[in-house]
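The chains referred to below are lettered A, B, ... by the order of the sequence lines, with proteins before strands, and numbering in each begins at 1. We use all heavy atoms of the structure for the numbers below, so side chains are in, but hydrogens, waters and symmetry mates are not.
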Amino acid sequence: MKSFDPGAIERKWYRYWEENGFFSPSGRGDPFCITIPPPNVTGTLHMGHAFQATIIDTLLRYHRMCGYNTLGQPGTDHAGIATQMVVERRLMAEGQSRHAMGREAFIERVWEWKERSGQTITTQLRRMGVSVDWSRERFTMDERLSPVVLDVFVRLYEEGLIYRGQRLVNWDPVLRTAISDLEVINEEEAGSLWLIRYPLVGGEDHLVVATTRPETMLGDVAVAVHPADERYRRFIGRSVELPLAGRRIPVIADSYVDPAFGTGCLKITPAHDFNDYEVGQRHGLPLINIFTVDARLNDAVPEAYRALDRYEARKRIVADLEAQGLLAGIQPHVQVIPRGDRSHAVVEPYLTYQWFVKTGPLAGPAIEAVRDQRIRLVPKGWEKTFFQWMEEIRDWCISRQIWWGHRIPAWYDPEGRVYVARNEAEARVKYGLSADLPLQQDEDVLDTWFSSALWPFATLGWPDQTPELKTFYPTTVMVTAFDILFFWVARMAMMGLKLTGDVPFRTVYIHGLVRDAHGQKMSKTKGNVLDPLDIIDGRDVDSLVAKMTQGLMQPEMAERIAKNVRREFPQGFEAYGTDALRFTFAVLAGSGRDIAFDIRRLAGSRAFCTKVWNAARFVLMNVENAAPPTVPGETGERGNAIDRWIRSRFARALDEVKRGIADYRFDQVAQAIYEFTWSHYCDWYLELSKVVLADAEKSPEERAATRRTLIEVLESLLRLMHPVMPFISEELWQAVAPLAGVSGKSIMLRPFPEESRYCPDEDAEQEIEWLQKMVIEIRRIRAEMDVPYRKQVALFLSGGDDRVRDWVARNRGFIVSLGKLSSVEWLAPGVSEPESVVAVVGDLRLLIPMEDLIDREAELKRLSREIDALNSQLAKSRAKLDNPSFAARAPAAVVEQERQRLADTERNLEKLQSQKSRLEGTA
RNA sequence: GCACGGUUAGCUUAGCGGUAGAGCGACUGGUUUACACCCAGUAGGUCGGGGGUUCGAUUCCCUCACCGUGCACCA
């Protein structure tokens with residue numbers, strides 16, 4: 001074990017864990033269960049998944065070590081539209097199309113893709129070290145879950161919670177499917193407002209309507225004005241000639257119209273606008289659909305415009321209106337454009353038959369569950385957002401006009417009557433249909449999120465009352481990003497409560513989104529999407545560029561992406577290893593909504609791994625063959641202060657880690673581990689232990705106690721860090737455990753460190769903190785006086801109470817060694833002081849005689865600087881204490897603290913001032 | 001328009017009522033037998049602006065500015 005090489009250990013241990021079945025629930029203890037959010041089988045895992053996997057696995061490993069019966073339930077999601085798009089794009093590259101090859105063959109191709117992509121994803125999750133039970137892996141379209149999805153559809157239909165109807169829906173004319181409200185992104189874009197004259201029947205006048213979509217005029221069925229609008233009151237009830245269409249349409253009054261906007265005249269197109277639809281319903285107006293599924297004009301419009309694309313038609317219509325003198329003007333206008341989140345096509349309100357979930361009856365219980373904390377959202381702030389959305393929820397359109405997904409279990413007879421059942425045979429029985437009645441299954445499939453909503457219980461075997469369901473449902477915690485709070489969390493809550501009668505999870509931990517180092521969203525077109533495996537294993541810049549520019553939706557972006565990649569990662573990636581990546585994610589998992597992933601953080605995390613590795617090497621070298629047999633429970637005796645101190649520090653770190661996990665503050669977890677390991681254990685305890693081990697004067701018992709503390713604390717530390725850094729902790733633990741008198745197959749099956757063996761020790765902390773101050777002061781003087789590293793200096797002490805004298809006596813060896821001193825002596829009273837540099841630790845004065853080494857000017861400057869600082873501190877403290885209301889109103893402890901501070905400052909000041917005048921006197 | 005989040009050292013961020021912490025970066029000095037992916041030391045912050053509450057505010061309240069997000073939306 002020369003140096004730390006993550007690549008050499010990770011696969012080995014993962015295989016060991018998995019082959020030995022360590023990821024399966026133990027069957028003992030309280031249940032702890034996380035169903036992992038199933039990644040889409042569209043491609044490969046990105047940094048967001050890796051981040052989430054880290055959090056999930058940290059929770060799983062921690063709770064497993066704490067004795068919970070722990071299940072991590074893995075799986076993947078079929079992601080209907082997204083996956084179908086990916087496969088279609090590949091087909092296109094081959095010069096094929098799904099329509100040419102037919103539904104069955106196409107589905108076959110998607111399955112092939114799913115197999116490959118699913119494989120990649122599970123491999124990636126394994127490389128991340130995720131300790132989920134792979135024997136229970138599920139897929140939303142597998143043979144276990146698919147029947148459940150259909151079963152739920154049938155049940156909800158039977159209860160009237162699913163219905164079919166002709167509605168205006170959000171239609172994606174590129175994908176040619178309906179999508180739900182959530183899948184529409186509304187953004188402001190520059191557009192125009194066209195003013196069009198509609199001549200009044202009778203010919204003496206006209207109304208001017210304002211529209212952003214002139215092409216829809218061919219579907220107009222009315223012109224509406226506000227009933228109180230004096231300008232138009234006289235026209236209400238009359239008719240206008242609809243230009244180009246040659247139809248007459250009425251002028252109606254509706255208070256929906258805003259008289260202040262445009263001209264105050266609104267054209268009504270109920271089949272192509274959600275608001276107009278409402279107006280149309282109120283006034284009993286007809287619906288005229290003028291578009292085809294791909295947003296071309298259909299046969300309902302005059303021949304001249306048929307088959308034109310909507311934007312082509314717009315141009316033509318505007319031109320024709322102008323030619324007829326009916327165009328009253330064009331104004332620039334910023335409008336909100338709805339686009340599909342997948343295709344980015346402008347979404348068309350479109351009249352079709354679709355299936356819907358009636359959300360009203362489902363939302364109430366979900367709101368209640370969050371309100372009474374049966375479901376706890378962490379951070380709590382998300383509750384408001386959740387409530388706001390849930391309280392205005394609209395029915396959920398769940399049918400999609402695509403091929404990849406769960407085909408809707410509904411059959412139609414030649415009359416168009418619908419029969420809903422789990423399969424055709426059941427439909428015939430259920431509805432008493434004769435065997436020769438031809439039935440046609442609905443062509444559509446279900447929204448992916450419909451099946452995802454069942455994930456927490458369907459994966460555990462529901463609707464069967466399996467042992468897993470009984471044990472692990474409701475699941476303990478759902479770890480998810482805020483961007484799918486509505487898409488997924490809300491729907492799981494509704495479905496879980498409806499179908500199982502209980503909440504699907506007790507806690508939802510909502511984490512931030514991983515962004516790049518500049519806080520930018522990661523996207524393929526920016527070339528900042530990273531593959532966690534590239535960070536783990538390393539990748540040179542050329543192959544990184546090649547990878548990021550292949551298979552692009554917009555190949556013309558390649559050059560820009562390449563440039564960006566080379567700018568951001570000029571050296572590509574070094575291999576950082578999984579533990580470093582996980583540790584980095586933990587550090588970044590703070591309270592913010594965004595996680596800015598800076599590659600430079602990784603270097604620090606890997607350095608930390610190396611630090612742990614080297615510390616373990618040191619301990620093993622010093623303890624091997626020399627460790628006394630450890631008797632468990634024997635370690636409570638009062639030993640050396642340094643041994644008690646490091647145990648005390650460990651107790652505090654342990655507490656912080658446990659609290660951090662309980663609060664979902666993984667940054668605090670990582671911070672506590674890092675600080676203990678580096679700043680306490682390595683920087684101080686190892687250095688102090690060297691002094692003990694090298695000191696022949698010390699008793700064998702004392703040295704043995706330090707060796708034992710070295711190994712025991714290290715063994716505990718490895719367990720402390722294991723949930724975050726599973727691989728390095730396992731590798732080292734296997735070597736360390738035997739020397740610590742611990743046995744076991746794996747660190748992951750050992751208990752988390754117990755508080756009982758580590759308790760805070762105030763005495764030891766005070767003593768060692770004093771020792772640290774002494775050493776730091778000496779080092780500072782050495783550094784500021786430019787004392788060469790090897791040069792030993794003498795230290796004289798004066799002042800200090802009995803306790804300090806006692807500490808000096810006990811810690812003399814440490815002070816000499818860490819301070820590189822030649823001697824430590826008490827200044828005899830009455831003897832004149834040697835010319836020295838002075839520092840102060842509490843009551844104690846430290847004098848280092850500088851002889852000819854001293855740079856008097858530099859020292860005077862240093863003293864002046866310190867004196868200035870103390871003076872300003874003094875002024876602050878005095879002002880505070882002189883304020884009568886401070887003493888009267890502030891808590892006694894605070895006042896006392898301030899008094900103490902003032903006294904300390906005065907004392908230090910006095911010492912430094914006398915030192916300064918002494919130095920000036922000898923000049 | 002409504003709601004939420006953010007604004008702290010050059011960068012990424014923690015702290016959220018009692019004198020501002022970390023990691024990276026910068027600077028100075030070091031091949032000290034665990035570690036140069038290291039060690040020792042140093043510099044760097046009027047905690048976005050303004051007002052208020054308080055003995056005391058980075059921390060609580062109000063307000064403004066800027067950045068980001070969600071929901072809604074008038075053609």
Touch class at under 4.0 angstrom, heavy-atom based, for A/His333 against every strand present: sugar-phosphate
A/Gly381 or A/Glu675, whichever maps to the more 5' nucleotide of RNA chain B: A/Gly381
Separation between the P atoms of B/G56 and B/A65, rounded to whole Å: 29 Å
I'd like a table of atom pairs between the protein and nucleotides 17-20 of chain B - only N or O on both sides, under 3.5 Å - with the distance next to each one.
from  : atom 1 : to       : atom 2 : distance (Å)
B/U19 : OP2    : A/Arg901 : NH2    : 3.4
B/U19 : O2     : A/Gln873 : OE1    : 2.5
B/U19 : N3     : A/Gln873 : OE1    : 2.4
B/U19 : N3     : A/Gln873 : NE2    : 3.2
B/U19 : O4     : A/Arg901 : NE     : 3.3

Euclidean distance for C1', B/C71 against B/A14 (whole angstrom): 31 Å
Annotated protein contacts, base or backbone, on nucleotides 24-34 of chain B with a non-hydrogen cut-off under 4.0 Å, one of B, S, - each: --------B-B
Residue whose nearest RNA chain B nucleotide is more 5′ - A/Val587 or A/Glu784: A/Val587
Nucleotide nearest A/Arg780 when distance is taken to its side chain, options B/U42, B/C71, B/A75: B/U42
Duplex segments of RNA chain B, taken as runs of at least three Watson-Crick or G-U pairs that stay under 3.5 Å: B:1-7 with B:65-71, B:10-13 with B:21-24, B:26-30 with B:38-42, B:48-52 with B:60-64
Separation of atom CD1 in A/Ile484 from atom C1' in B/U69, rounded to whole Å: 16 Å
Nearest listed nucleotide, side chain of A/Trp389, among B/G15, B/A22, B/C71: B/C71
C1' spacing across the pair B/G41 / B/U32, given as an integer number of angstrom: 15 Å
Note, A/Phe4 side chain near A/Glu731 side chain (heavy atom, < 4.5 Å): no
Rounded C1' spacing from B/A22 to B/C47 in Å: 15 Å
Enclosure of A/Glu391 CD (heavy-atom neighbours >12, cutoff 6.0 Å): yes
Nearest-Å distance once atom P is located in both B/U28 and B/G49: 33 Å
Integer angstrom distance from the P of B/U42 to that of B/G21: 14 Å
Same-atom distance (P) from B/G17 to B/C61, integer angstrom: 11 Å
Sugar-phosphate only, base, or nothing, as touched by A/Arg394 at under 4.0 Å among non-hydrogen atoms: sugar-phosphate
Side-chain N,O (A/Lys384) to OP1/OP2 (B/C4) below 4.0 Å: yes
Separation between CZ of A/Arg394 and CG of A/Leu182, rounded to the nearest 0.5 Å: 9.0 Å
Separation between the P atoms of B/G1 and B/U58, rounded to whole Å: 32 Å
Sugar-phosphate only, base, or nothing, as touched by A/Thr385 at under 4.0 Å among non-hydrogen atoms: nothing
Euclidean distance, atom CG of residue A/Asp229 to atom P of B/A75 [Å, nearest integer]: 18 Å
N/O donor-acceptor pair under 3.5 Å between A/Arg652 side chain and A/Phe676 backbone: no
Sugar-phosphate only, base, or nothing, as touched by A/Arg593 at under 4.0 Å among non-hydrogen atoms: base
